[in-house]
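Here's the structure we're looking at; comments come further down.
Residue numbers start at 1 and run along the sequence shown.
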Amino acid sequence: VLVLHPPSNSLIPSSFTDRRRFLSNDQRDAITDVLQDSGIEVVVIVSSLPLALEPLHDENSGAAGESPRPGLRLPLPLHTHSENDERIWLLESLFQWKNTRFPRCEAVIVSSGPGFGTTGDICDHRLGLSLPVVLTGPMLGRVCGSAQWKLKSEIADGRFSYSYRPPLDQWNFCFIDVDTTEDKPAVTLQVVGVPVPA
């Protein structure tokens, strides 16, 4: 399990610059080391920001990813050029690792969502492979709809695409069950919803 927390300036709304990072250098080195370990069969990437989720552009608000309600910013900022490069690097690394060892390995991406939970897949159209992905949360916070986010889209000039299932409008959390007793590891993901008290 690799837990990725972006460098602190990724969470500062005013720091929308090309220098903002999704991964630190130490995190990149750690990911590279893990993917080179031949004894690892399943890698679970846990991130405080989604690896694949793009905002819709709202022409009536200031910019994509901003809430139409004054003073309320959506929980996730826009991705900068640096962040996009690092997200693409991470996706390329995970898919190349899976392609090299297929079908004897699997990678799973779990991240906090912008107020809703769902499951989906990220596809690499060059290699013909996919990775399961989960957005989860909140467990005890404000539940937001998905209307301002693209639940299906492409990134990296169409090399990768992602698709999410209809999200839960409840508090939620994620179960991950990993079975490595067979030649091909099996990973089962389940987002469990809890009704928000009235």
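To the nearest 0.5 angstrom, Ile88 atom CD1 is 11.0 Å from Leu90 atom CG. Here the CG atom belonging to Leu127 is positioned 6.0 Å from the CD atom belonging to Gln96, to the nearest 0.5 angstrom. For the atom pair CG (Leu135) and OG1 (Thr118), the distance works out to 6.5 Å, reported to the nearest 0.5 Å. In this structure, the separation between CD1 on Ile40 and SG on Cys105 is 10.5 Å, given to the nearest 0.5 Å. Expressed to the nearest 0.5 Å, how far CZ of Arg159 lies from SG of Cys123 amounts to 12.5 Å. Distance CD1/Ile31 to CG/Leu4: 5.0 Å, rounded to 0.5 Å.
The existence of a salt bridge linking Asp121 and Lys152 is excluded, since no basic side-chain nitrogen approaches an acidic carboxylate oxygen closer than 4.0 Å. Looking at Glu41 and Arg104, no side-chain N of the basic residue comes within less than 4.0 Å of a carboxylate O on the acidic one, giving no salt bridge. With respect to the salt-bridge test (charged N to carboxylate O, under 4.0 angstrom), the residues Arg87 and Glu54 qualify.
Applying the ring pair (Phe, Tyr, Trp, His ring centres under 6.0 Å) test to residues at least two apart or on different chains, the pairs with a partner in residues 174-198 are Phe173-Phe175.
Residues Glu106 and Val187 approach most closely at CG-CG2, 3.9 Å, considering heavy atoms. Heavy-atom minimum distance, Phe116 versus Asn172: C-ND2, 4.1 Å. Between Leu56 and Ala147 the shortest heavy-atom distance is CD1-O, 3.0 Å. Pro50 and Ser112 get closest at one heavy-atom pair: CG-O, 3.5 Å.
Between Tyr162 and Phe160, the ring centre distance reaches or exceeds 6.0 Å.
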Q. Would Leu131 and Val108 count as a side-chain contact (heavy atoms from CB on, under 4.5 Å) if you check the C-alpha gap in whole Å, the side-chain angles of each, and the deciding distance to 0.1 Å?
A. CA-CA 6 Å; Leu131 298 177; Val108 181; over 6 Å; no
Q: Tell me, with the steps shown, if Trp97 and Val34 meet side-chain contact (heavy atoms from CB on, under 4.5 Å).
A: CA-CA 10 Å; Trp97 173 76; Val34 166; over 6 Å; no
**Q.** Pair Thr180-Val42, side-chain contact (heavy atoms from CB on, under 4.5 Å): steps then yes or no
**A.** CA-CA 8 Å; Thr180 58; Val42 177; 4.1 Å; yes
Q) Is there a side chain to side chain donor-acceptor pair (under 3.5 Å) between Asn25 and Arg28 once you walk through the steps? A) CA-CA 5 Å; Asn25 291 335; Arg28 287 179 65 125; 5.5 Å; no
Q: Any chance you could lay out the side chain to side chain donor-acceptor pair (under 3.5 Å) test for Asp179 and Thr181, step after step, and finish with the verdict?
A: CA-CA 6 Å; Asp179 182 358; Thr181 59; 2.7 Å; yes
Q) Does the pair Val44 and Ile176 meet the rule for a side-chain contact (heavy atoms from CB on, under 4.5 Å), with working shown? A) CA-CA 9 Å; Val44 180; Ile176 303 176; 4.2 Å; yes
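A distance-only check finds a donor-acceptor pair linking the side chain of Glu86 to the backbone of Leu23 [under 3.5 Å]. At distances below 3.5 Å, at least one donor-acceptor pair connects side-chain atoms of Arg165 with backbone N or O atoms of Thr119. Within the 3.5 Å criterion, the main-chain N or O of Pro103 finds no donor-acceptor partner in the side chain of Lys98. With Ser111 contributing its side chain and Ser48 its backbone, the two residues share no donor-acceptor pair below 3.5 Å. Distance alone, capped at 3.5 Å, places no donor-acceptor pair between the Asp29 side chain and the Gln27 backbone. Between the Gln36 side chain and the Asp33 main chain, no donor and acceptor come within less than 3.5 Å of each other. Side chain of Trp171 to backbone of Gly137: no donor-acceptor contact under 3.5 angstrom is found.
Within 6.0 Å of atom CG in Asp157, 12 or fewer heavy atoms from other residues, nucleotides or ligands are found, so the atom counts as exposed in its surroundings. With a 6.0 Å radius and a threshold of 12 heavy atoms from other residues, nucleotides or ligands, Arg101 has its CZ atom above the threshold.
Side chains of Phe22 and Leu51 form a contact here, defined as non-hydrogen atoms less than 4.5 Å apart. Contact check for Val110 versus Ile45: no side-chain heavy atoms found under the 4.5 Å cut-off. Between Ser146 and Tyr164, every side-chain heavy-atom pair lies at or beyond the 4.5 Å cut-off. Side-chain contact between Leu35 and Ser93: present, with at least one pair of heavy atoms (C-beta onward) separated by less than 4.5 Å. The closest side-chain heavy-atom distance from Leu151 to Pro167 is below 4.5 Å. Annotation: side chain of Val134 is in contact with side chain of Val191 (closest heavy-atom distance under 4.5 Å). Inter-residue side-chain proximity for Leu129 and Phe102 is flagged as met; some heavy-atom pair is nearer than 4.5 Å. Side chains of His125 and Ser161 form a contact here, defined as non-hydrogen atoms less than 4.5 Å apart.
With hydrophobic clusters built from ILVMFWY side chains whose heavy atoms lie under 4.5 angstrom apart, Leu189 shares a cluster with Val46. Leu53 and Trp89 fall within a single hydrophobic cluster, where Ile, Leu, Val, Met, Phe, Trp and Tyr are joined by side-chain heavy atoms under 4.5 Å apart, directly or via other members. There is a path of hydrophobic side-chain contacts, each under 4.5 Å, that joins Leu2 to Ile109. No chain of hydrophobic side-chain contacts below 4.5 Å, direct or via other Ile, Leu, Val, Met, Phe, Trp or Tyr residues, connects Leu168 to Met139.
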